[in-house]
Amino acid sequence: MPEPASQARQRPSRGWWFVVPVALLAWLMSTPFGGWLQSAVTGSGVRWQDAYTALDTAEANLPRGAREREHLLLALTQAEGGAPKGLAFGPRLYPAGTFARLRYETFDEDGERLDQWRVRALVPAIGNGNGPFWREQCTRECGQEIDRSGGFRLRRSGLPGIAEEWVLRMPVGRTFDLPVAPLNFQDILDDRERSLGIGTVRVGDRFLRRPARITVTLEEACPAKVRVGTVMSLEFFPNAILPIPRGFATSRWAQMDGCGRPAQLPVEPAKARIAVSDDARKPEALAISPSAAR
């Protein structure tokens, strides 16, 4: 005899019982502990996340709508000032996670080049060495993953010198003039930030601004895969006769793949500095701070 419809509706579904264990297992495998369990089975204990999401950067918190996102990005960037002259306010030419190499040049009022240097940076930035995450040691698993992929461990993003959005919208190979104003920059391999100051020199009976012109050229824009690796390892008590576990240790690192491993840039000899009048700024303020010429 067929079961009444009311009783059929009241009877629990036969397949509900396995939903909770499956959901729990899925959550467990997404944690560092799950990565350690995976390592015991497959030999890969690293859990990977997109770096912009894992480090909760501004890039990961932009509006979802394309129009709203573009409006916000340009509004924030224009507020910073310093837009390259002649750069069209079009869409981004490169994705987030672009490894950029820029060349800067400065000139005097007669068009003679005073200095030239290069700087490399990851744009948008994911951080610049502030906080314990950036100071962690590269563990054995970290070194193995970097060697396996031929990637590069990120210790900082670097500072491109101009707003990141301008870098992401500049065509490669085209030179732009910048407003003559101080610049701050840091190559991705440099330990400290550097600066370009604006000074005044006396030529005859005139006081001239130096440099009189600043240009920037995007020489290379390499889209990279930027990730954060997390691994949990089992630690044992030292000097024990038998291996006795004492707990788990979690380590994280940022890694850039797909753009090779940047080498230290060669130092290009800077031209002799022009002396500054007594009532002007010091000579060091006329160009890049010591050892910053690239």
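One-based numbering along the sequence shown.
Heavy atoms only, all atoms of each residue included: P160 and A121 are closest at N-CB, 3.8 Å. Scanning both residues, A221 and P223, for their nearest heavy atoms gives O-CD, 3.5 Å. Here the closest non-hydrogen pair linking P171 and L93 is N-CD1, 3.7 Å. Contact between F133 and A254 at its shortest, heavy atoms only, is CZ-N, 3.7 Å. Between M256 and A224, the closest heavy-atom pair is CG-CB, 3.5 Å. Closest approach of G86 to R174, counting heavy atoms only: O-NH2, 3.6 Å.
Side-chain atoms of R194 and Q186, non-hydrogen and from C-beta on, never get closer than 4.5 Å to each other. Contact of the V167 side chain with the L218 side chain is registered, since non-hydrogen atoms from C-beta on lie closer than 4.5 Å. In this structure, the side chains of M170 and V216 come closer than 4.5 Å at one or more pairs of heavy atoms. Looking at L72 and L62, their side chains come closer than 4.5 Å, going by heavy atoms from C-beta outward. Side-chain contact check for D108 versus P211: every heavy-atom pair is 4.5 Å or farther apart. Looking at heavy atoms from C-beta onward, T230 lies out of side-chain contact with V46 at the 4.5 angstrom threshold. The shortest distance between side-chain heavy atoms of T215 and F176 does not fall below 4.5 Å. A 4.5 Å side-chain heavy-atom check between T106 and R113 finds every atom pair outside the cut-off.
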Legend entry - Worked check of side chain to side chain contact (heavy atoms under 4.5 Å, CB included) between I214 and E105: CA-CA 6 Å; I214 306 172; E105 295 175 282; over 6 Å; no
Inset, instruction - Show your reasoning for whether side chain to side chain contact (heavy atoms under 4.5 Å, CB included) applies to I146 and C138. - result: CA-CA 10 Å; I146 291 174; C138 186; 4.2 Å; yes
Legend entry - Verdict with reasoning, L154 to L122, per side chain to side chain contact (heavy atoms under 4.5 Å, CB included): CA-CA 9 Å; L154 292 166; L122 176 70; 3.9 Å; yes
Legend entry - side chain to side chain contact (heavy atoms under 4.5 Å, CB included) between L114 and R210, intermediate numbers included: CA-CA 9 Å; L114 299 173; R210 293 282 174 84; 4.1 Å; yes
Inset, instruction - Take D147 and R261 through the test salt bridge (charged side-chain N to carboxylate O under 4.0 Å, His left out) and record every step on the way to the result. - result: CA-CA 11 Å; D147 290 340; R261 297 178 179 177; 3.6 Å; yes
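One hydrophobic cluster, built from ILVMFWY side chains closer than 4.5 Å, cannot hold both L189 and L265; they sit in different ones. Both F152 and I126 belong to a common hydrophobic cluster when Ile, Leu, Val, Met, Phe, Trp and Tyr are linked at side-chain heavy-atom distances under 4.5 angstrom. Linking Ile, Leu, Val, Met, Phe, Trp and Tyr residues whenever their side-chain heavy atoms come within less than 4.5 Å places V180 and W166 in a single cluster. Taken together through direct or relayed side-chain contacts under 4.5 Å among Ile, Leu, Val, Met, Phe, Trp and Tyr, F99 and L159 form parts of separate hydrophobic clusters. When hydrophobic clusters are built by joining Ile, Leu, Val, Met, Phe, Trp and Tyr residues whose side-chain heavy atoms come closer than 4.5 Å, directly or via intermediates, L55 is grouped together with I188.
Y52 places a side-chain N or O within donor-acceptor distance of the main-chain N or O of P124, the cut-off being under 3.5 Å. Counting only distance, with no hydrogens or angles, the side chain of Y94 and the backbone of A100 share no donor-acceptor pair below 3.5 Å. Not one N or O on the side chain of S157 forms a donor-acceptor pair closer than 3.5 Å with the backbone of N128. E109 places no side-chain N or O within donor-acceptor distance of the main-chain N or O of L208, the cut-off being under 3.5 Å. In this structure, R92 contributes its side chain and L168 its backbone to no donor-acceptor pair below 3.5 Å.
For the pair R213 and F107, the cation-pi test (distance below 6.0 Å, angle within 45°) is passed.
Each of Q264, R120, R156 was checked for a side chain to side chain donor-acceptor pair (under 3.5 Å) with D187, and the lone residue meeting it is R120. The side chain to side chain donor-acceptor pair (under 3.5 Å) test with R227 is passed by exactly one of D257, T53, D50: D257.
Here the straight-line distance linking atom CD of E219 with atom CZ of R103 works out to 4.5 Å at 0.5 Å rounding. With rounding to the nearest 0.5 angstrom, the CG atom of L87 is 8.5 Å from the CZ atom of R169. The line from CG of L178 to CG of L183 is 6.5 Å long, rounded to the nearest 0.5 Å. E193 CD to N184 CG: the interatomic distance, rounded to the nearest 0.5 Å, is 4.5 Å. Note that CD of Q255 is 4.0 Å distant from OG of S149, once rounded to the nearest 0.5 Å. Note that CG of L102 and CH2 of W117 are 11.0 Å apart. Values are rounded to the nearest 0.5 Å.
W48 and W253 have perpendicular rings, their planes meeting at more than 60° on a 0 to 90° scale where under 30° would count as parallel.
At a threshold of 4.0 Å, the pair R252-E145 does not count as salt-bridged, since none of the basic side-chain nitrogens sits closer than that to a carboxylate oxygen. Salt-bridge annotation for E70 and R67: absent, with no side-chain N of the basic residue lying under 4.0 Å from a carboxylate O of the acidic one.
Not counting sequence neighbours, the partners of P132 by the side chain to side chain contact (heavy atoms under 4.5 Å, CB included) test are R135. The salt bridge (charged side-chain N to carboxylate O under 4.0 Å, His left out) check on E68 picks up nothing, with sequence neighbours excluded. Contacts of E220 classified as salt bridge (charged side-chain N to carboxylate O under 4.0 Å, His left out), with partners at least two apart in sequence or in another chain: R101.
Inspection of the T175 and T217 side chains reveals an N or O donor paired with an N or O acceptor under 3.5 Å.
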